[in-house]
Structure formats: C-alpha cells, structure tokens
Engineer: 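Sharing a structure, written as structure tokens. Questions coming.
Keep in mind that this is a model prediction, so the values were computed, not measured. Note that ligands are numbered from 1 as they come in the structure, with each ligand's atoms numbered from 1 the same way.
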Amino acid sequence: MGIGATTRDVAAGEIPTIGVGMLGYAFMGKAHTNAFKKIAYMTWPPPLVPRLVSIAGRNEEAVRNAAERYGYEHWTTDWHDLVADPAIGLFDNGGPNSLHAEPTIAAAEAGKHVICEKPLGRTADESYEIWQRVAATGVKHLCGFNYRFVPANRLAREMIEAGELGEIRHFRGRYLQDWGDDQTLDTWRFHSDEAGSGALGDLGAHVVDLARYLVGEFEAVSALVKTFLPGREVDDAIEAAVSFAGGAVGTVEATRLALGRRNALQWEINGSKASLAFDMERLNELQVFRADGDRARGFKTVLVSEADHPWWEFWWPPGHIIGWGETFVHEIHHLLRAIAEDGDVAPYGATFEDGYRAAEVCDAIVRSSESGAREQIAYRMT
Ligand SMILES: NC(=O)c1ccc[n+]([C@@H]2O[C@H](COP(=O)([O-])OP(=O)(O)OC[C@H]3O[C@@H](n4cnc5c(N)ncnc54)[C@H](O)[C@@H]3O)[C@@H](O)[C@H]2O)c1
C-alpha cells in the first residue's frame, strides 16, 4: 500500500475538535504532546482533532517556554486552571505519581475525559480510589500503559486470542534500565512520597500490565524487592515468580540497576502450539516459533509493518519502520476514538480498572517480599 492510500477525503472543518489540557511538560508531557500533534495530520481523518488549549507546570518560565514550543494556547502554574477551563475536554496527566489522584479525579468530576500516566496511583488503595471516583463520572479513562500500543504486542494479543499459541504455559517478562545506578542523582522517582515505589511501579507495572494483556489475570506472586543503594527510599529491583488464573506460570523482573541495559523491555510466552518473543530494542519485530512448522528452523522474525498490521494504516509503506514515540500516537488515537464514538477503551486500551489491577499485583509483590510467603491476589470490584 502506498503512502496516502488510506487517507480519506475529509475537509478539516468536518471533524470536531477536542480541547486538551496537559499537566507536565517534561518527559511524558513532551511524548503526549508529540502524539496529539501527529494525530492531527498522520491519522487523517482523526476521530477528533486535538486542540492544544493549555499546559500546566510548576516553573513559570519553563512552562511558558513549553507552551510556546509545543504550541499550547495558554499555560499555567496551577493545574486547577485546567480543571476549570471549559475549553478543555480531555485532561492529560503527565505529572509525578503523587500528582495523579487529585487532578485526575477533579478533571473527571468536572466532566473531562482523562488520560493518566502509569502507575495509576502509588498503591492499590490509591489506584482503586482513582478508578472508582473517575468511573462514577462516566467519562472515558485511559491509563498510560503505552506498550499495549506497540504493533508487535497488539499482533501478539490477536494471535493469542485466535488460539494460535494453544495452552499458554509460560510468561517471562523483564524491564531493565541502568540510570538508577547514580548516587548523585535526585529525582521525584527516588522519593517514596512522590513515587510510591521504585523500579516496581516505574518499570515492573509495565511488565505486569503486558502480562495481563497477553496472558490474563495474575493469581499469586512470590517475590523479592531489593534496594541496593544506601539512603534510597524506594526499591531498585524486583524479582517475582508468578502464577496466572488461566494456569500459566512465569516471572516478572524490573530494575533500574542493570548496567548497560538502557531501556530493555523484553518478554517471551511459550504455549503448547507456539512461542512468541519481543524485545523493545527491536520494536518492529515479533519473534514467532510454531511447533507445527519445521522445528529445526527455530524462531522466525516477523517484521510487523505490513499494511494489515495494527495501526499501520497511519504510517509508511511496509518495512519503513516506526519507533517508541508512535506508541503514544496509537494510544491517544484509541482514546479519541472511544470518546468520539462513545466506544470502549477496554480491552485493547488500559482503563483505570487495569491501572488498579496492575497496582494490586504490585502491592502483592511488596507484601510477598516482606512476608517471605506466596501472596494470593484478591481484586476489589466496583
Ligand atoms: N508510559 C511510559 O512509558 C512512561 C515513561 C515515563 C514516565 N511515565 C510516567 O509519567 C509520569 C510523569 O513522568 P515523567 O517522566 O514525565 O516525569 P518528569 O519529571 O519528566 O515530568 C514531570 C512533570 O510534572 C510537572 N509537575 C510536577 N509537580 C507539579 C505540580 N505540582 N504542578 C504542575 N506540574 C507539576 C513537572 O513540572 C514536569 O513537567 C509518571 O507517572 C511516570 O511514571 C510513563
């Protein structure tokens, strides 16, 4: 399929706009804003055209500068202004974890649809509160587990749903970074009041969500949580042996001290008919092994960039690969479509219920490390 072949002839004025209020202008503020801008022209016709209304941050000069750079009409140092602004229909929370609950709930209670970065809350209790309060308002909600929106991961989910793996026996997932091995560094991510946890909520939560997305619900965990660096308030690393309600067993690992591993999110699933493996540093590829194929030939590399692969209609001819930043384009497009069509964010997008459930697994990992016992996971309902 050639470039532009999927572009429908729709005049810009025919598509309704949605006003965006962004909390945070740093890492996620930038990644999400980049996505809003690309949605407006790359996914044409988008479900809604994002209008960048206002951005909030703490530092006046920096947030003014960010508004100018990113193209927001207004800026503020008080996030309450976003909640009060009638021109904003979608509130995007890219603030630190301690700033997820209050602004996100306030925005939803003011009738705005909400996207909140992961982890949803600092604990399962806080995440449950966010989910319940936001769900009660009836707005659409999405928790920022963006790795669901890697085309290879979505393809894996579709293959699993189609039964191509047979009975799933193993999930092995790890998320390794190394920037945490720096005693001189100070960031909110190292403060327990702001972050809640360390590698667990920062990286482990992504692995937990992907495991839930691909394999199903966690049943129990046996885990170790470790802080290596003296004086650090949060964990540096977690290791967990896990079981799933569907019968599979597996491992979840996360650390910010794996020297040389810059951003290594990797998983492998073994079923009775096939195995799949993914490595984010090879984001466009899915490794597939089928037991009914020629076993001696091993895994096959599928380049997930064909015209009929997930989200490929937004991008380029086959083989012209995409990157990490595009996961946010897919994610936010998914939310905008749910808003425009009054559709569901689940099951392919992570709702706040998914954010809560991931937090329940993360809490169980902490409990297990403290108790030394295998911890069953009980999920609270609505
Ligand atoms: N999905 C992902 O892959 C991914 C990646 C990185 C971070 N995250 C999540 O995104 C969230 C933000 O992380 P980040 O890396 O962007 O952090 P960051 O430190 O880069 O940015 C935080 C932003 O919040 C703003 N902020 C802090 N306190 C504020 C306040 N009181 N009022 C207004 N603004 C305030 C800061 O000015 C800054 O712009 C975290 O929850 C994190 O876990 C998700």
Engineer: Can you confirm whether or not the ring centre of Trp188 sits under 6.0 Å from the ring centre of Phe27?
Structural biologist: no
Engineer: Could you check which of His100, Arg58, Arg122, Glu331 puts a non-hydrogen atom nearest to atom 26 (N) of ligand 1?
Structural biologist: Arg58
Engineer: When you measure from atom 11 (C) of ligand 1 to every protein heavy atom, which one gives the shortest distance, and what is it?
Structural biologist: Gly95 O, 3.2 Å
Engineer: More than 12 foreign heavy atoms under 6.0 Å from CD of Glu68: is that the case here?
Structural biologist: no
Engineer: In the protein, which heavy atom is nearest to atom 25 (C) of ligand 1, and how far is it?
Structural biologist: Gly24 CA, 4.0 Å
Engineer: May I ask whether Phe145 places a heavy atom under 4.0 Å from ligand 1?
Structural biologist: no
Engineer: A cation-pi test, strictly: NZ or CZ of Arg262 under 6.0 Å from the centre of the six-membered ring of Trp179 and no more than 45 degrees from its axis. Yes or no?
Structural biologist: no
Engineer: Which residue and non-hydrogen atom of the protein lie closest to atom 22 (C) of ligand 1, and at what distance in Å?
Structural biologist: Gly94 O, 3.8 Å
Engineer: Can you confirm whether or not the ring centre of His333 sits under 6.0 Å from the ring centre of Phe149?
Structural biologist: no
Engineer: In Å, rounded to the nearest 0.5 Å, how long is the span from CG of Asn153 to CG of Leu155?
Structural biologist: 9.5 Å
Engineer: Does Asp342 come within less than 4.0 Å of Lys140, counting only side-chain N to carboxylate O?
Structural biologist: yes
Engineer: What atoms of ligand 1 come within less than 4.0 Å of a heavy atom belonging to Phe27?
Structural biologist: 5 (C), 6 (C), 14 (P), 15 (O), 16 (O), 20 (O)
Engineer: Would Pro119 count as a contact of ligand 1 if the rule is a heavy atom under 4.0 Å away?
Structural biologist: yes
Engineer: Could you check atom 13 (O) of ligand 1 against the protein and tell me its nearest heavy-atom contact, residue, atom and distance included?
Structural biologist: Trp188 CZ2, 3.5 Å
Engineer: Counting non-hydrogen protein atoms only, what is the nearest one to atom 41 (O) of ligand 1? Give residue, atom name and distance.
Structural biologist: Asn97 OD1, 2.6 Å
Engineer: Among protein heavy atoms, which sits nearest to atom 34 (N) of ligand 1, and what does the distance come to when rounded to 0.1 Å?
Structural biologist: Gly57 CA, 3.5 Å
Engineer: May I ask you to check whether Trp131 and Tyr356 place their ring centers less than 6.0 Å from one another?
Structural biologist: yes
Engineer: If you draw the axis of the six-membered ring of Phe228, does the NZ or CZ of Lys226 fall within 45° of it and under 6.0 Å from the ring centre?
Structural biologist: yes
Engineer: For atom 21 (O) of ligand 1, what's the nearest protein heavy-atom neighbour? Residue, atom name and distance, please.
Structural biologist: Ala26 CB, 3.2 Å
Engineer: What's the shortest heavy-atom distance between Arg169 and Ser272, and which atoms?
Structural biologist: NH2-CB, 3.4 Å
Engineer: Hey, does Asn146 come in under 3.5 Å of ligand 1, counting only N/O atoms on both sides?
Structural biologist: yes
Engineer: Answer yes or no: is there an ion pair linking Arg148 with Asp354, defined by an N-O contact shorter than 4.0 Å?
Structural biologist: yes
Engineer: Using a strict cut-off of 4.0 Å, indicate which atoms of ligand 1 neighbour a heavy atom of His206.
Structural biologist: 1 (N), 2 (C), 3 (O)
Engineer: Could you check which of Val63, Leu265, Leu99 puts a non-hydrogen atom nearest to atom 32 (N) of ligand 1?
Structural biologist: Leu99
Engineer: Would you check if Trp267 and Leu210 make a side-chain contact, meaning some heavy-atom pair closer than 4.5 Å?
Structural biologist: yes
Engineer: Report yes or no: does a heavy atom of Lys30 sit under 4.0 Å from some atom of ligand 1?
Structural biologist: no
Engineer: Establish, yes or no, whether a centroid distance under 6.0 Å links the rings of His206 and Phe145.
Structural biologist: yes
Engineer: For atom 24 (O) of ligand 1, find the nearest protein heavy atom and state the residue, atom name and distance (0.1 Å precision).
Structural biologist: Pro96 CD, 3.4 Å
Engineer: Can you tell if the side chain of Thr76 reaches within under 4.5 Å of the side chain of Trp79, non-hydrogen atoms only?
Structural biologist: no
Engineer: Taking both backbone and side-chain atoms of Met28, is any N or O found less than 3.5 Å from an N or O belonging to ligand 1?
Structural biologist: yes
Engineer: My understanding is that we take every heavy atom of each candidate and find the minimum distance to atom 7 (C) of ligand 1. Doing that for Lys118, Arg189, Glu117, which one comes out nearest?
Structural biologist: Arg189
Engineer: At a 4.0 Å threshold, what atoms of ligand 1 neighbour a non-hydrogen atom of Leu23?
Structural biologist: 34 (N)
Engineer: Would you say Tyr25 and ligand 1 have an N/O pair spaced under 3.5 Å apart?
Structural biologist: yes
Engineer: Specify side chain, backbone, both or neither for Thr187, according to which of its non-hydrogen atoms lie closer than 4.0 Å to ligand 1.
Structural biologist: neither
Engineer: Hey, which atoms in ligand 1 end up nearer than 4.0 Å to a heavy atom of Gly144?
Structural biologist: 1 (N)
